[in-house]
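Below, read A as the first sequence line, B as the second, and so on, with proteins coming before strands; counting in each chain starts at 1. Just so it is clear, the values below take in all heavy atoms, side chains as well, and ignore hydrogens, waters and symmetry mates.
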Amino acid sequence: MPELQLQQKTSYELIEEQSRLNEIARELKSAPVISLDVEVNSLDPHSAKLLLFQLAVPDKAYLFDARHLDLRPFQEVLGDEKILKIAQNAKFDYGMLKELVGIEIVNIFDTMLAERVLTCGLTKLGDLSLVSLSRKYLGLELSKEIRKTFENHLRDFTKKQLDYAATDVLVLFPIYEVQKARLEKERLEKIASLEFKLVPVVSEMELRGFLIDVERWRRAIDDYRRKAKEVDQKMQEELRPYSRATQKDLFGNHANVVNLNSPSQIMEAFRRVGLDLPSTGEEILARHDHPLAKLLLEYREYEKIISAFGDNLLAKINPKTGRIHPDYMQIGADTGRFACSNPNLQQIPTDSLFRSCFIASPDHKLVVADYSQIELRIMAELSEDPVFMKAFREDQDLHALTASQMFGIPLDQITKERRFQAKSINFGLMYGRGAKSLAAQLEVSEEESRQLLDKYFRQYHRVKTWLDSVAREAVRRGDSTTLGGRKRYYEKVTPADPNYERQASYIERQGKNTPIQGTSADITKMALVNIRQRIRKEKLDAVPIHTVHDEVVVEARTSVAERTAKIVKEEMERAGEELLKKVPVKVEVAVSDVWEH
DNA sequence: GGGCCGAGCCAC
DNA sequence: AAACGTGGCTCGGCCC
């Protein structure tokens, strides 16, 4: 079989004439399935040049010299809902074709996403490359060396380059065939289909990017820089008497005694002062009522923001667009959640000092919408706990209600502390949290913490049985499932394994959390797909530009912002109600000039 | 000078 | 330091 593929891969045609391109564009309209790929001289669609565009049917590849040809005739084929388009990491090709040609692909099968869906939890991201997939499914060793040579775009393409380009599209067919069968066998077609429909949303999210108020951001960071410096100097002075190092620099300034960013140096310096710590983590420092511990915590708070978000964020502004264009990894987490990087806009501090620096384009507004307590609602739905379900149906303050029922106190007499304890349990349970760790957070004894959990489970009996059941099943079956039909697989563990207890309890915690977190991801993804569809149907000037797990940010022209907000709310709730039948879904939406709720 | 890792910490 | 799920980023510190 691999030999046969090798034979087939060399069947290609290089097209340099527009008339021939037009002819093929007409012919391909009757093809049920095609594969596609692009070769470009840059990964940034805003500055890249399209060099080669590849299309294929199972036995032949067409290589179009994109430097000299008008690819727009392919709009009809690529935009045809009846023709399936196979691509590896389709987000990339979609973005390039949209930005550089103005073509939008519909009906996508992405071999990379398919593989991620099929092996979720078992594979590393590197295993998703076309090289890995070809090896796994075809026993074929691809070489990616040639790709780099596409940078020189003035010369004729070499035979090696053309072979490479043809192979890249031809291998997609046999890979697709096997993946398709496996998706059906594992009942993963539905979730894979959702992921495929999400590709254009994610690609457009990256293309559009987010506008930053640079001056405002600089002021916020400078403010933190000043504060950090003050604390740093204070600490150096406090620690200097205990240090042997007393050097001064050329200007007579004292050298720093300790690098506050180095945990090992901190540990050593603190020990000399008589502050002997097992670690310099936040928890430990907070527990010690020592002025130096307090100062260090303050320093870390400032330093973290400065280093992680300061100039580095501004450095990510694209010179061509003046905006931030992060990379969204569509199935970044094994639960199905997105991941975001370069920069990770999913970890911008919630403080409005920072979020308000993310702004709408001129003449635009931001529609910011998020689900209210979606994960707890999912836990209520999945566990079918009657008390939990009733609380959501009556739109009650769930944490206060939990406290009221646990402690037998009327709702209006719940103290902040009681509510906090109840809230900690509500959230903690979704992570598989135990009595010991709960005791640490609540600063009570392990025995008291155990009693709190007992009280909780007496009220929410079904929550306990559900959690125990999914935990057990995760270990026994080796997978977890979400309401959207997503699966997460776990490495097999056996009682014979010396680490069995530790591994099994880890899988148990993941088994409790994955159906909840994963279903939340399913819902947000369904919403994003439907929001885009509605926006296009009504021809609104609006586009999703960001998502943070249970939150969606859409940039809309001011004139249609209110209408967009209505659609976003409707579609998010509809997506939620598609999967949650026993519990209502609540979405809060705001229209604003900046990223805030 | 680059790659890797753990510590620490931001988000949900 | 470990304790409760999912990520990414920066740093120091180590390696080659």
Side-chain angles (χ1 to χ4, degrees), chain A residues 120-121 125 258-268 276-287 296-297 299-313 315-316 326-351 354-355 370-376 378-379 424-443 446 449 453 467 470-471 474 480 482 488 502 505-521 524 546-552 595 597:
Chain A
C120 200
L125 266 36
V258 55
N259 180 350
L260 298 185
N261 296 322
S262 164
S264 59
Q265 289 188 35
I266 286 283
M267 201 99 95
E268 168 70 13
D276 213 345
L277 305 175
S279 105
T280 72
E282 201 173 11
E283 195 82 14
I284 300 289
L285 289 171
R287 199 163 300 170
L296 182 59
L297 278 174
Y299 175 80
R300 287 229 180 112
E301 184 190 339
Y302 303 142
E303 191 58 27
K304 165 69 189 177
I305 301 289
I306 297 162
S307 64
F309 306 108
D311 297 330
N312 301 330
L313 186 93
K316 303 282 187 193
D327 298 334
Y328 290 93
M329 203 151 15
Q330 202 175 307
I331 314 179
D334 290 339
T335 52
R337 267 193 188 177
F338 278 96
C340 178
S341 61
N342 298 311
N344 181 0
L345 291 196
Q346 295 185 323
Q347 60 168 166
I348 299 298
T350 45
D351 190 326
F354 301 100
R355 293 231 168 158
D370 67 332
Y371 287 102
S372 162
Q373 297 188 320
I374 189 66
E375 294 202 338
L376 284 170
I378 292 167
M379 186 159 83
S424 298
I425 298 182
N426 276 332
F427 282 120
L429 288 177
M430 295 192 297
Y431 306 144
R433 192 169 200 175
K436 198 180 278 183
S437 122
L438 183 69
Q441 194 198 352
L442 297 180
E443 291 176 310
E446 207 177 314
S449 149
L453 282 174
L467 285 169
V470 285
S480 293
T482 69
R488 177 192 191 166
R502 204 172 48 80
S505 64
Y506 186 38
I507 294 176
E508 283 172 4
R509 291 193 299 274
Q510 293 173 323
K512 291 174 183 177
N513 183 255
T514 299
I516 300 171
Q517 192 185 113
T519 298
S520 168
T524 300
H546 190 37
T547 176
V548 194
H549 312 308
D550 64 352
E551 174 181 352
V552 171
W595 180 18
H597 299 283

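- Under the 30°/60° scheme for interplanar angles, the aromatic rings of A:Trp595 and A:His546 are found to stand perpendicular.
- When each of C:dG7, C:dT10, C:dG8 is scored by its nearest atom to the side-chain atoms of A:Ala308, the top-ranked nucleotide is C:dT10.
- For A:Tyr431 and C:dA3, the OH to C1' distance is 15 Å, given to the nearest whole Å.
- Atom pair A:Leu277:CG and B:dA7:C1' shows a separation of 15 Å (rounding to whole Å applied).
- Within the 4.0 angstrom heavy-atom criterion, no nucleotide atom of any strand lies near A:Gly428.
- The main-chain N or O of A:Asn259 is found under 3.5 Å from a side-chain atom of A:Gln265 such that the two form a donor-acceptor pair.
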| task | Decide yes or no on salt bridge (Lys or Arg N to Asp or Glu O under 4.0 Å) for A:Arg337 and A:Glu375, but give the supporting numbers first. | result | CA-CA 13 Å; A:Arg337 267 193 188 177; A:Glu375 294 202 338; 3.6 Å; yes

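- Under 4.0 angstrom from either OP1 or OP2 of C:dC4 there lies no side-chain N or O belonging to A:Asn513.
- If you take CD of A:Gln347 and C1' of C:dT10, they are 10 Å apart, rounded to a whole angstrom.
- Here the side chain of A:Lys304 is nearest to one of C:dC4, C:dT6, C:dC9, namely C:dC9.
- Side-chain contact between A:Leu453 and A:Leu429: present, with at least one pair of heavy atoms (C-beta onward) separated by less than 4.5 Å.
- For the pair A:Thr514 and C:dG5, the criterion of a side-chain N or O lying under 4.0 Å from OP1 or OP2 is not met.
- In this structure, CZ of A:Phe354 is placed 11 Å from P of B:dC10, rounded to the nearest angstrom.
- At the heavy-atom level, A:Gln517 lies under 4.0 Å from base atoms of the strands shown.
- Of the possible donor and acceptor atoms, none in the side chain of A:Asp550 sits under 3.5 Å from a partner among the backbone N and O of A:Ser372.
- Minimum atom distance to the side chain of A:Pro349 is reached by B:dA11, of the listed B:dC12, B:dA11, C:dC4.
- Here the separation of C:dA1 from C:dC14, taken at their P atoms, is 16 Å to the nearest Å.
- For A:Tyr302, no side-chain nitrogen or oxygen approaches OP1 or OP2 of B:dC9 to under 4.0 Å.
- Close to C:dG12, at under 4.0 Å from its OP1 or OP2, lies a side-chain N or O of A:Asn259.
- Take the nearest nucleotide of DNA chain C for A:Ala440 and for A:Cys340: the residue whose nucleotide is more 5' is A:Ala440.
- With B:dC12, C:dG12, C:dC9 as the candidates, the nucleotide lying closest to the side chain of A:Asn342 is C:dC9.
- Formation of a donor-acceptor pair under 3.5 Å by the A:Ser505 side chain with backbone atoms of A:Arg502 is found in this model.
- Using a 4.0 Å heavy-atom distance criterion, A:Arg355 is classed as a sugar-phosphate-only contact.
- Nearest-nucleotide positions on DNA chain C for A:Ser264 and A:Ala339 put A:Ala339 closer to the 5' end.
- Counting non-hydrogen atoms under 4.0 angstrom, A:Glu283 reaches a base of the nucleic acid.
- Following rounding to the nearest Å, A:Leu260 (CG) and C:dT10 (C1') show an atom-to-atom distance of 15 Å.
- Contact between the side-chain N/O atoms of A:Arg433 and the OP1/OP2 oxygens of C:dA3 is not found at any separation under 4.0 Å.
- The CG-P distance, from A:Asn344 to B:dG8, rounds to 21 Å in whole Å.
- Here the side chain of A:Ser520 pairs no donor or acceptor atom with the backbone of A:Ile516 at under 3.5 angstrom.
- Heavy atoms of A:Ile284 sit under 4.0 angstrom from at least one base atom.
- Going from atom CG of A:Asn426 over to atom P of C:dC4 covers 17 Å, rounded to whole Å.
- Taking every side-chain heavy atom of A:Asp550 into account, B:dC12 is the closest of C:dT6, C:dA1, B:dC12.
- Nearest to the side-chain atoms of A:Ser437 among the listed nucleotides B:dC12, C:dA3, B:dG8 stands C:dA3.
- Note on A:Glu283 versus A:Arg287: salt bridge recorded, some NZ/NE/NH1/NH2 to OD/OE distance being below 4.0 Å.
- The same atom, C1', is picked in B:dG3 and in C:dC4; the two are 32 Å apart, to the nearest Å.
- Nucleic acid contact for A:Lys436: none, since no nucleic acid atom lies under 4.0 Å from a heavy atom of the residue.
- The side chain of A:His549 has B:dC12 as its nearest neighbour among C:dG5, C:dG7, B:dC12.
- Look at OH on A:Tyr299: it is 15 Å from P on B:dG8, rounded to the nearest Å.
- Residue contacts for A:Tyr371: at a heavy-atom cut-off of 4.0 Å it reaches no nucleic acid atom on any strand shown.
- Counting distance only, with no hydrogens placed and no angle test, the side-chain atoms of A:Arg337 and the base atoms of B:dC12 include a donor-acceptor pair under 3.5 Å.
- Distances from the side chain of A:Ser341 to the nucleotides C:dG8, B:dG8, C:dT10 place C:dG8 closest.
- The residue A:Glu282 sits close only to the backbone: its heavy atoms come under 4.0 Å of sugar-phosphate atoms, none of a base.
- In this structure, A:Ser520 reaches neither bases nor backbone, as no heavy-atom distance under 4.0 Å exists between it and the strands shown.
- Candidate nucleotides B:dC12, C:dT6, B:dC10 were compared by shortest atom distance to the side chain of A:Val548, and B:dC12 ranks first.
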